[in-house]
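For reference, the structure discussed in these notes is given below.
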Amino acid sequence: MENLEIAAVLREMADLLEIKGGVNPFRIRAYRNAVYTVEEYATPLRTLVEEGADLTELPSVGNEMASHIVELVTTGHLSRLVELAAEIPRSLVTLIRLPGVGPKKARKLWDELGITTIDELEAAAAAGQVAELEGFGEKTQGKILEGIVRYRARQGRFRLAEVDELIRPLLDWLRTDDAVQHVEVAGSYRRRRETVGDVDILAISSAKQAVIDRFLAYPQVLRVDLAGETRATVHLASELQVDLRVLDEQDAGAALVYFTGSKEHNIALRRRALERGLSVSEYGVFKLAASDGVEPQEDADLSTTGRELGERVAGRTEQQVYESLGLPWIPPELREQRGEIVAAERNELPQLVSLEDMRGDLQMHSDWSDGKNTIEEMLEACVSRGYEYFALTDHSQALAMTGGMDAEKLARQLAAIDEIASRHPEIRFLRSMEIDVLADGSLDIEDGMLERLDLVVISIHSRFDLSTADQTRRLVRAIEHPASDIVGHPTGRIIGRRDAIEFDLAEVLDCAAENHVAMECNAHPNRLDLRDTHMMEAKKRGVPIVISTDAHRVAELDLMSYGVEQARRAWLTPGDVLNAGPLEVLLSALGRI
DNA sequence: GCCGTTTTCGGCCCGACTGTTTTCAGTCG
């Protein structure tokens, strides 16, 4: 059982316990905390279980969660969930995915109307039965019906690059309004997560209502979900959800921290604040009033609303907010509660790699295979981006439909490259190729030709369905080939379209480290492969990373920023990224010189 | 259920908006 599946079971436990009601809310929260840990963990927990490792070492995993995980890995099911499902229909958890329906309402729908599925809920709402229930009404019933339609049609998360395109004109629309002093996008977009569920926009203004009005008047707004005095939520025509919050300038820093998240990072900050007698919200950092007689609430009170606040100590800038908590400013890409607060406290935050550090691009295609531009056009585009070197990596013959090259065609290309390179001393031209790794792990070109290349990129483009063991063997054999330098888009995933191939990440990374082979972070926003957590694992195991665009046309060379952002999320410094350094260091790390 | 520079009990993050309430519960982020 894989981590995501384990997490899904634990999440279902939490949902069912919540629907059941009368359960200690902190017990439910404990399940949700464990879900986060399991989802974020880079290596399969199944391997930890097989090694007999102590799972309670993991954050938010105690004896109970550890035994749950062991049971799931070894038996494939969780007896506690089976017991719970005998009391509460499991399908009720789908109801709370609907907007406006939470655990309490789901429970009521089941108790009063015997509803357990979305289909049954739709029928009951259409018949007007839902509005009759206490705590429900006509509006709620209508909202549920709309929500069901959207639930069935929903598109899922948006890729970061799509959101970039959708959100830029909206930002321009807001910025041209006089009432708006400043606009910034927060949320997972600012943390540069590979996909974004909804977009959080933060506006600074003293005329809040005017900003809300401007936002609601944006031509691409398809429907308004809610609109208050300081916040509004809309769906754009693209179905992308956008939340706007309008705040005073003095609150900008606290608000930006709050809305950038992640949720887990914020919770950790607030816990830290409480330890210091402070309270953090989107309105600032406040001293807590002396808490003489704090009356403990009986269960269900999840919030600390009503706590007496004292003097405000920070809020205008993010720096101030972190400083008030005894921390240096933390880059948004690191705010995932993966140890950044501890590192910040010790002043050990990494100096993250940036786009300006990049000195070359190590995967791109020309019209010799499936690229759209000539070799010389690609070269000139690299020069204009200020690169010191670049690698041209047209496909090998196994990808016939791309015009992949056999030995004879490669020989002709190398001759053409020599001629072009001789006219362009301003950049170092690396003769390279993206060579297919065949199903058995052999490379798709004669060894004799490999010797004529400066750099060899090896990639999997077929047989994505091999077993974990076979796929691991395949990659290990290819990496062990003495000519191999870089594994291109190692997991082969296409975000939202094709799953990653299955292999033993630890074994492959260790093999790469041993053989001086680098792993690529493919910067194309559809791939982002390796992903952030995998790169963290690679760094831990001493495997160098390269960031390449895999450009098939000149314009795609600009996708480099997406790769760099993912590398930043993986805590990588310029020293961890080979093509952020001088060519000699790169070639030496790959065992070329 | 988890956790520990106020450790093995007693805590556990904070606020806005909506709809249905006649003073607030539920949901959401």
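Chain letters run A, B, ... following the sequence lines, proteins first, then strands; residues in each count from 1.
Nucleic acid contact for A:K105: sugar-phosphate only, since backbone atoms but no base atoms lie under 4.0 Å from a heavy atom of the residue. At a threshold of 4.0 angstrom between heavy atoms, the contacts of A:A34 with the nucleic acid are absent. Within 4.0 Å (heavy atoms only), A:L133 reaches no atom of the nucleic acid at all. Counting any heavy atom pair closer than 4.0 Å across all strands shown, A:E229 reaches sugar-phosphate atoms only and no base atom. Residue contacts for A:E138: at a heavy-atom cut-off of 4.0 Å it reaches the sugar-phosphate backbone alone, with no base atom in range. Residue contacts shown for A:N266 are absent, as no nucleic acid heavy atom lies under 4.0 Å away.
When each of B:dC2, B:dT27, B:dA16 is scored by its nearest atom to the side-chain atoms of A:K104, the top-ranked nucleotide is B:dT27. Between B:dC14, B:dC2, B:dT20, one nucleotide has an atom nearer to the side chain of A:Y258 than all others, and that is B:dC14. For A:K139, the side-chain atoms get nearest to B:dT20 when compared with the rest of B:dT20, B:dC17, B:dC12. Nearest nucleotide to the side chain of A:F26, out of B:dC12, B:dG19, B:dA16: B:dC12. Taking the side chain of A:M65 as heavy atoms from C-beta on, and the options B:dC17, B:dG1, B:dG29, the nearest nucleotide is B:dG1.
Judged by closest nucleotide on DNA chain B, A:Y31 is the one of A:R231 and A:Y31 placed further toward the 5' end. Comparing A:Q141 and A:S281 by the nucleotide of DNA chain B whose heavy atom lies nearest to each, the residue mapping closer to the 5' end is A:S281.
The phosphate of B:dT27 (OP1 or OP2) has no side-chain N or O of A:T140 nearer than 4.0 angstrom. A close approach under 4.0 Å does occur between a side-chain nitrogen or oxygen of A:Y283 and OP1 or OP2 of B:dA16. For the pair A:T233 and B:dG29, the criterion of a side-chain N or O lying under 4.0 Å from OP1 or OP2 is not met. Distances shorter than 4.0 Å separate none of the side-chain N or O atoms of A:R272 from OP1 or OP2 on B:dC12. The phosphate of B:dC2 has neither OP1 nor OP2 within less than 4.0 Å of any side-chain N or O from A:T56.
For the residue pair A:S262/A:Q337, the side-chain donor-acceptor check at 3.5 Å is not satisfied. Using modelled atom types, one finds a donor on one side chain and an acceptor on the other under 3.5 Å when comparing A:R157 with A:T195. Judged purely by distance below 3.5 Å, without hydrogens or angles, the side chains of A:W329 and A:Q319 never pair a donor atom with an acceptor atom. Using modelled atom types, one finds no donor on one side chain facing an acceptor on the other under 3.5 Å when comparing A:H265 with A:E336. Residues A:R32 and A:S60 bring no donor and acceptor atom of their side chains to less than 3.5 Å of each other. A:E5 and A:N3 share no side-chain donor-acceptor pair at under 3.5 Å. Using a 3.5 Å distance cut-off with no hydrogens or angles, the side chains of A:Q320 and A:S324 do not pair a donor with an acceptor.
Separating the CD atom of A:E146 from the C1' atom of B:dT18 is a distance of 14 Å, rounded to the nearest angstrom. The nearest whole Å value for the distance from the CZ atom in A:R191 to the P atom in B:dG29 is 14 Å.
Across the C1' atoms, B:dT18 and B:dT23 are found 15 Å apart, a figure rounded to whole Å. For the C1' atom pair drawn from B:dG1 and B:dT8, the interatomic distance equals 14 Å after rounding to whole Å. Taking atom P on both B:dT6 and B:dC2, the two are 23 Å apart, rounded to the nearest angstrom. Separating the P atom of B:dC12 from that of B:dT7 is a span of 15 Å, rounded to the nearest Å. Annotation: B:dA25 and B:dT20 have their C1' atoms spaced 9 Å apart (nearest Å). Here the separation of B:dT21 from B:dG26, taken at their P atoms, is 13 Å to the nearest Å.
Between the side chain of A:N24 and the base of B:dG1 there is at least one donor-acceptor pair of N/O atoms closer than 3.5 Å.
As the counterpart of B:dC14, B:dG29 is assigned, both hydrogen-bonding distances of the Watson-Crick or G-U wobble pattern falling under 3.5 Å.
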